[in-house]
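Notes follow once the structure below has been shown.
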Amino acid sequence: MKQSQPLCQLDEIPDNGAIAVRIATVTGGSELIVLRQGDCAFAYHNECPHAGRNLDFAPGKFLVQGGCVTCAVHGATFTVATGACCGGPARSGLVGLPVEVVDGIVRLK
Ligand code: FES
């Protein structure tokens with residue numbers, strides 16, 4: 001049985017907030033934004049589809065409000081639960097990764 005990759009403890013993420021998590025890849029690693037809404041977690045590549053910049057305004061610091069995360073560069077907004085673009089200059093949504101919360105640990109499926 002394949003073991004899913006742990007990303008972080010759910011409690012490390014502020015409720016209705018987000019943290020950055022770096023994962024290892026064959027090409028040298030990738031940074032994710034991992035968001036929390038209550039007992040649910042969502043993960044996306046920390047890369048805005050508008051101009052390819054990171055979403056955070058400072059390393060690991062994200063603007064999350066009203067169920068949306070806002071890119072700090074030009075203000076595109078994305079729905080936390082789906083990654084869909086809901087405002088601003090981006091024409092597509094965030095690229096997500098499936099995650100699950102098992103025993104308080106957020107894991108890639
Ligand atoms: S790079 Fe994110 S809105 Fe432009």
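Whatever order the structure lists ligands and atoms in, that order sets their numbers, starting from 1. Since this is a predicted model, take the numbers as computed values, not measurements. Hydrogens, waters and symmetry mates play no part in the numbers below; they use all other heavy atoms, side chains included.
- Closest N/O/S atom of H50 to atom 4 (Fe) of ligand 1: ND1.
- Two residues are said to be in side-chain contact when any heavy atoms from C-beta on lie closer than 4.5 Å; P14 and I19 meet this criterion.
- Its N, O or S atom nearest to atom 4 (Fe) of ligand 1 is what matters here, and for H74 that atom is ND1.
- Of all atoms in ligand 1, numbered sequentially from 1 with element shown, those under 4.0 Å from a heavy atom of A76 are 3 (S).
- A heavy-atom distance below 4.5 Å is found between the side chains of L10 and R36.
- Closest approach of E31 and N54 over heavy atoms only: OE2-ND2, 4.2 Å.
- Taking 2.8 Å as the threshold, C71 counts as a candidate ligand of atom 2 (Fe) of ligand 1, since one of its N, O or S atoms lies below it.
- The closest side-chain heavy-atom distance from V99 to L108 is below 4.5 Å.
- With a 4.5 Å cut-off on side-chain heavy atoms, D56 and N46 count as touching.
- Under a 4.0 Å criterion applied to the non-hydrogen atoms of A51, ligand 1 contributes the atoms 1 (S).
- At least one N, O or S atom of C48 sits under 2.8 Å from atom 2 (Fe) of ligand 1.
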